[in-house]
Trainee: 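Have a look at the structure that comes next, please.
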Amino acid sequence: MMESCRTAVEAKSALASRSDFLSLEALLVSRAYLYELFHKVFGGEPSERLLELIGSQTTIDVLDEYANESGTMANLRDFAVRVGSKRDNAAFIGEVSDEFARFFEGPADPPAYPWESTYVGDGSMVFQPSTLVVREAYKVQGLQVSRLYHVPDDHVSVMCAFMAELSRRALKAFRGRETASLRELLAAQRSFAGSHMVNWLPRYAEGSLRVSRAHLYPHMAQGVSAFVALDAVFCEHVLAWTDGALADDGSWSCVDYDSSEYFGKVETIMHELSELRLRGIEDNELKLIEPDGVRGA
């Protein structure tokens, strides 16, 4: 599917191709789904339903979109299959819950810190200058962390929540053939991923392997690092596509089909993911800025 995206960008006649539009939309849906999944995985204590969703056929199918592009993503797809086979195993659920505590709650230092500032700033401190830059990136899009000033803005879960929100907005713009808006959103995501995610997630993924036995989070850390790197490249390709669409005579906007026919199932599961309330997730959520802020709610 990533190859189809490149083909759509490179082919002069591709802007009016129904199949290429479907290929692009499939990846726009898939990236929104995965960012939401990673937000939940790293943001709150795992529940039986979360593990069911990780091991669901929908997640496996979405990961399969990226399997040919990355061995790590292929491994994550295969891991999701294994999670699906163990989702009713009480011992496994307990092991994953214990691992979550070691990675995100303490009291001992985690195998890897989940905040950008601890990799790009001074030592292992949080709330450093880089955190304020991330906060401003959220603010530009009319968003802020729900517990502003109380939790670091640059947690991996919050960053994934931000990218999930912008991915949903980009998908909506694509479906509305709002090319200029799509371009603006993808440019913002490319910039954010390049400046605040690919610069530290590989080290986060490496650090997550400092465990005697991996149950969930080391696998997911490898996955989010690989996925964000792929997604940054995808944004580049689609930005080139939008440049072509903006220069086109408008015939691209005439391509029409029923998105729900193709993507209704995955979007239903994605909506369930977004509504899933995990213990502790409130620390890693974003909200619209109140009316007296930069943008109205």
Side-chain angles (χ1 to χ4, degrees), residues 1 26-27 29-67 69-105 110-112 114 155-161 163-164 167-168 201 204-205 208-209 211 213-231 263 265-281 283-285:
M1 194 63 74
L27 284 170
V29 172
S30 295
R31 64 195 297 267
Y33 183 96
L34 286 181
Y35 276 123
E36 186 64 45
L37 179 66
F38 286 127
H39 160 54
K40 296 296 183 177
V41 166
F42 296 117
E45 184 175 327
S47 66
E48 289 187 34
R49 185 54 182 157
L50 177 63
L51 294 177
E52 288 174 356
L53 291 173
I54 292 171
S56 69
Q57 189 60 51
T58 299
T59 297
I60 293 165
D61 290 343
V62 168
L63 290 170
D64 197 51
E65 296 279 359
Y66 299 89
E69 298 292 319
S70 164
T72 301
M73 295 300 286
N75 290 339
L76 187 61
R77 175 202 58 197
D78 296 342
F79 173 71
V81 173
R82 296 197 297 274
V83 171
S85 69
K86 296 190 292 185
R87 62 189 183 187
D88 296 324
N89 185 318
F92 175 68
I93 295 170
E95 289 167 344
V96 170
S97 295
D98 290 344
E99 188 177 68
F100 174 82
R102 292 196 300 274
F103 267 78
F104 301 106
E105 295 182 333
H155 192 286
V156 58
S157 174
V158 183
M159 289 187 172
C160 288
M163 294 291 279
S167 295
R168 288 189 291 267
L201 285 177
Y204 176 64
S208 73
L209 297 175
V211 294
R213 184 181 177 190
H215 298 290
L216 177 67
Y217 297 96
H219 299 281
M220 301 304 289
Q222 310 307 304
V224 72
S225 178
F227 169 65
V228 172
L230 285 174
D231 192 55
F263 310 113
K265 182 177 179 180
V266 66
E267 289 189 85
T268 296
I269 300 299
M270 180 163 59
H271 177 72
E272 181 182 352
L273 262 176
S274 70
E275 296 295 314
L276 192 62
R277 305 305 303 166
L278 304 173
R279 188 183 73 81
I281 194 69
D283 285 347
N284 296 306
E285 290 184 317

Trainee: When the ring planes of Phe38 and Phe42 are compared, do they come out parallel, tilted or perpendicular, using 30° and 60° as the limits?
Mentor: parallel
Trainee: Given the rule in the side-chain contact (heavy atoms from CB on, under 4.5 Å) test, do Leu34 and Glu65 qualify, once you have shown the distances and angles that lead to the verdict?
Mentor: CA-CA 11 Å; Leu34 286 181; Glu65 296 279 359; over 6 Å; no
Trainee: Going by side chain to side chain contact (heavy atoms under 4.5 Å, CB included), name the residues that satisfy it together with Ala74, two or more places apart in sequence or in a different chain.
Mentor: Ala67, Arg77
Trainee: Nearest 0.5 Å please: distance from the CD1 atom of Ile281 over to the OG atom of Ser157.
Mentor: 4.5 Å
Trainee: Output the distance between atom OG (Ser70) and atom CG (Asn75), rounded to the nearest 0.5 Å.
Mentor: 8.0 Å
Trainee: On a heavy-atom basis, which atom in Asn284 and which in Gly43 lie closest, and how many Å separate them?
Mentor: ND2-O, 3.0 Å
Trainee: Considering non-hydrogen atoms only, spot the tightest contact between Tyr66 and Met73 and give its length.
Mentor: O-CB, 3.8 Å
Trainee: Using side-chain hydrogen bond (donor to acceptor under 3.5 Å, both in side chains), reason through Thr59 and Tyr33 one step at a time and then give a plain yes or no.
Mentor: CA-CA 8 Å; Thr59 297; Tyr33 183 96; 2.6 Å; yes
Trainee: Could you tell me whether a side-chain N or O of Ser97 sits under 3.5 Å from a main-chain N or O of Ile93, the two making a donor and an acceptor?
Mentor: yes
Trainee: Quick one, Arg49 with Leu53, criterion side-chain contact (heavy atoms from CB on, under 4.5 Å). Give me CA distance, side-chain angles, the key distance, then yes/no.
Mentor: CA-CA 6 Å; Arg49 185 54 182 157; Leu53 291 173; 3.4 Å; yes
Trainee: Taking all heavy atoms of Ser47 and all of Leu278, pick out the closest pair and write down the distance.
Mentor: OG-CD2, 3.5 Å
Trainee: Check for a donor-acceptor pair, side chain of Ser225 on one end and backbone N or O of Ala221 on the other, with a separation under 3.5 Å.
Mentor: no
Trainee: Main chain of Leu27, side chain of Ser30: is a donor-acceptor contact present, judged purely on distance under 3.5 Å?
Mentor: no
Trainee: Rounded to the nearest 0.5 Å, what's the gap from CG on Asp64 to CG on Asp78? Could you check?
Mentor: 9.0 Å
Trainee: Can you name the side chain to side chain contact (heavy atoms under 4.5 Å, CB included) partners of Asn89, sequence neighbours left out?
Mentor: Lys86, Ala91, Phe92
Trainee: When rounded to the nearest 0.5 angstrom, what is the spacing between CD in Glu285 and NE2 in His39?
Mentor: 5.0 Å
Trainee: Side chain of Lys40, backbone of Leu276: donor and acceptor closer than 3.5 Å?
Mentor: yes
Trainee: Less than 4.5 Å apart, side chain to side chain, heavy atoms only: is that true for Ile60 and Gln57?
Mentor: yes
Trainee: Do the non-hydrogen side-chain atoms of Phe227 and Thr72 ever get within less than 4.5 Å of each other?
Mentor: no
Trainee: On a heavy-atom basis, which atom in Met270 and which in Glu36 lie closest, and how many Å separate them?
Mentor: O-CG, 4.4 Å
Trainee: Indicate yes or no for a side-chain donor-acceptor contact from Gln222 to the backbone of Pro218 under 3.5 Å, with no hydrogens or angles considered.
Mentor: yes
Trainee: Give the intermediate values and the outcome of side-chain contact (heavy atoms from CB on, under 4.5 Å) for residues Val228 and Tyr35.
Mentor: CA-CA 9 Å; Val228 172; Tyr35 276 123; 4.0 Å; yes
Trainee: Kindly indicate whether the side chain of Leu216, heavy atoms from C-beta on, has any atom under 4.5 Å from the side chain of Ile54.
Mentor: yes
Trainee: Could you check whether any side-chain heavy atom of Asp61 comes within less than 4.5 Å of a side-chain heavy atom of Val266, counting everything from C-beta outward?
Mentor: no
Trainee: Would you say that Pro110 contacts Phe104 through its side chain, given a criterion of any heavy-atom pair below 4.5 Å between the two side chains?
Mentor: no
Trainee: Would you call the rings of Tyr217 and Phe103 parallel, tilted or perpendicular if under 30° counts as parallel and over 60° as perpendicular?
Mentor: tilted
Trainee: Step through the shown structure and confirm whether more than 12 heavy atoms of other residues, nucleotides or ligands are within 6.0 Å of CD on Glu272.
Mentor: yes
Trainee: Contact between Leu273 and Leu50 at the side-chain level, heavy atoms closer than 4.5 Å - yes or no?
Mentor: yes
Trainee: Look up atom CG in Asp98 and atom NE2 in His215, then write down how far apart they are to the nearest 0.5 Å.
Mentor: 8.0 Å
Trainee: Restricting to non-hydrogen atoms, name the atom on Val211 and the atom on Pro111 that form the minimum distance, rounded to 0.1 Å.
Mentor: CG1-CG, 3.8 Å
Trainee: Give, for atom CD of Glu267 and atom CZ of Arg168, the distance between the pair rounded to the nearest 0.5 Å.
Mentor: 11.0 Å
Trainee: Before giving the answer on side-chain contact (heavy atoms from CB on, under 4.5 Å), spell out for Asp231 and Met163 the whole-Å C-alpha distance, their side-chain angles and the decisive distance to 0.1 Å.
Mentor: CA-CA 10 Å; Asp231 192 55; Met163 294 291 279; 4.0 Å; yes
